[in-house]
Amino acid sequence: MDFALTGEQEALRDTAAKYLADDRSSGDGPAWAEMTGLGWLDVELGTVELALLAEQLGWARSPSPWWATVGLAGPSLRAAGRPLGAPATLAWAGDNGPGTLADAVAAARRPASISEVDCAVAADGTLTGRRICVPHVADAVDLVVAASGPDGVELRLVDASALRPAPAGVGGQALDPTRPVATVELTGVPSAPLVAADAAAEVLAATRRRTLALLAAEAVGVAARALSWASGYAATRTQFGQPIGANQAVAHPLAESYGQVETARSLAYRAAWSVDAESGPVADRAVLTASVAAREAAMTACEAAIQTYGGSGFTWEQPLHHWYRRAWWLATFDGTVADARAELAGLLLDG
């Protein structure tokens with residue numbers, strides 16, 4: 001069986017790398033239009049192709065809301081037959097309701113009360129409630145909201161441009177300002193139906209799989225960039241007449257990190273393929289395995305790179321510092337690495 005990338009996939013990856021090398025992916029209007037023109041939101045793209053793009057976006061540490069659009073909001077919009085075009089995101093977490101995407105899936109799989117979901121659909125279709133830690137909502141035009149209807153959790157579409165989100169300076173945003181989160185107050189806000197209660201659980205489960213698979217690929221990109229910087233520095237920085245990379249104390253951590261990154265890349269590609277090709281439980285195992293490996297690889301690579309650079313690696317002026325903050329964000333999104341390990345253990349041991 002051939003596990004290599006196709007020529008079209010390699011071309012997509014290489015085009016993305018070239019585009020992002022120009023530092024134009026700022027997430028504003030023109031950049032978003034260019035990314036859309038490049039076909040990065042096309043419905044024909046599978047999760048493998050999206051993962052290749054996510055890896056390059058991680059390498060560039062792009063602040064674009066692309067991942068929130070295709071990962072968080074994409075499955076709901078496509079389930080409703082709506083094309084992706086404008087920036088979008090998903091609001092699922094509440095003060096008293098689901099905290100993680102796994103919690104949101106669990107809530108949708110049982111008759112949910114208003115208190116569980118913390119956001120209710122009125123008879124006229126308006127939404128009332130509060131959503132916290134909504135990623136990229138200030139950049140979004142479309143907002144998908146998980147809300148409690150008469151038959152359970154529904155997924156509803158809201159015009160995000162009409163909202164006034166309150167930025168949150170804690171949690172993910174404190175780690176990486178390019179991944180902003182905000183609180184959204186919904187008081188009689190008009191909404192349109194996207195996914196009914198009988199299908200919401202499966203769509204949310206697919207959303208979680210795709211989002212975690214894409215972020216695993218992004219973590220690989222972050223790790224590869226940090227390792228590239230560190231390897232180049234170790235080869236050119238000299239002390240006592242020889243490159244510092246000749247010292248085992250410098251070379252061995254980088255070699256170990258390289259092994260982690262390559263393993264994580266293979267697992268991330270496997271997870272992306274599994275999301276589209278395999279059943280739910282099998283894909284869940286693949287995605288969680290990749291998520292653990294990629295998050296740890298990103299953290300290890302950034303830490304090894306900082307040590308390689310010595311004192312300058314800790315300064316704000318060093319670009320590596322910002323990639324380290326993205327690695328931390330990735331390591332804590334939707335639960336910690338320990339949480340992912342525990343869930344994976346449950347799937348493997350308990351079925």
Taking all non-hydrogen atoms of both residues into account, name the closest pair between [X] and [Y] and its distance.
X    : Y    : result
Y233 : Y309 : CD1-CE2, 3.6 Å
G74  : L84  : CA-CD2, 3.8 Å
A91  : V134 : CB-CG2, 3.8 Å
W92  : L101 : NE1-N, 3.5 Å
L227 : S257 : CD1-OG, 4.0 Å
R209 : D284 : NE-OD1, 2.7 Å

Lys/Arg-Asp/Glu bridge criterion (N-O < 4.0 Å) met for R208, D334: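 Yes, R208 and D334 are salt-bridged.
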Are the side chains of [Y] and [X] in contact, using a 4.5 Å heavy-atom criterion?
X    : Y    : value
S231 : Y258 : no
P180 : H136 : yes
C119 : R131 : yes
D14  : K18  : no
W59  : E55  : no
C302 : W328 : no
P253 : E303 : no
Q56  : L52  : no

Indicate, with yes or no, if [Y] and [X] share a hydrophobic cluster defined by side-chain heavy-atom contacts under 4.5 Å among Ile, Leu, Val, Met, Phe, Trp and Tyr.
X    : Y    : value
V137 : V70  : no
L143 : L194 : no
L77  : M35  : yes
M299 : V292 : no
V141 : L72  : no

Straight-line distance of [X] [atom1] to [Y] [atom2], nearest 0.5 Å:
X    : Y    : atom1 : atom2 : value
T36  : D42  : OG1   : CG    : 9.0 Å
L215 : L330 : CG    : CG    : 6.0 Å
H252 : E256 : NE2   : CD    : 8.0 Å
L344 : T289 : CG    : OG1   : 4.5 Å
T332 : D176 : OG1   : CG    : 9.5 Å
F333 : T100 : CZ    : OG1   : 9.5 Å

With a sphere of 6.0 Å drawn around CD of Q248, does it hold more than 12 non-hydrogen atoms of other residues, nucleotides or ligands?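 No - once you tally the heavy atoms of other residues, nucleotides and ligands closer than 6.0 Å, there are 12 at most.
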Is [X] reaching over with its side chain to a backbone N or O of [Y], donor-acceptor style, under 3.5 angstrom?
X    : Y    : result
T69  : A88  : yes
T126 : A122 : no
Q318 : L320 : yes
R164 : E185 : no
R325 : H321 : no
R210 : P75  : no
S274 : R270 : no
S228 : A224 : no
T89  : P135 : yes

Between V261 and T300, does the side chain to side chain contact (heavy atoms under 4.5 Å, CB included) criterion hold? Intermediate values first, please. CA-CA 9 Å; V261 172; T300 300; over 6 Å; no
Chi angles and distances behind the side chain to side chain contact (heavy atoms under 4.5 Å, CB included) call for R326, R225: CA-CA 12 Å; R326 176 62 65 87; R225 184 67 178 272; over 6 Å; no
Answer with yes or no after comparing the ring centroid distance for Y269 and W273 against a 6.0 Å cut-off, counting only values under it.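 Between Y269 and W273, the centre distance exceeds or equals 6.0 Å.
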Could you give me the CA-CA distance, side-chain angles and deciding distance for W67 and T211, then say whether side chain to side chain contact (heavy atoms under 4.5 Å, CB included) is met? CA-CA 8 Å; W67 78 275; T211 298; 3.8 Å; yes
Might you work through the salt bridge (charged side-chain N to carboxylate O under 4.0 Å, His left out) test for R109 and E202, ending with a clear yes or no? CA-CA 8 Å; R109 284 177 172 161; E202 292 310 310; 3.6 Å; yes
Pair S291, R295 - check side chain to side chain donor-acceptor pair (under 3.5 Å), show working. CA-CA 6 Å; S291 184; R295 294 181 188 198; 3.0 Å; yes
The test is side chain to side chain contact (heavy atoms under 4.5 Å, CB included); show your working for V184 and V189 and say whether it passes. CA-CA 11 Å; V184 178; V189 175; over 6 Å; no
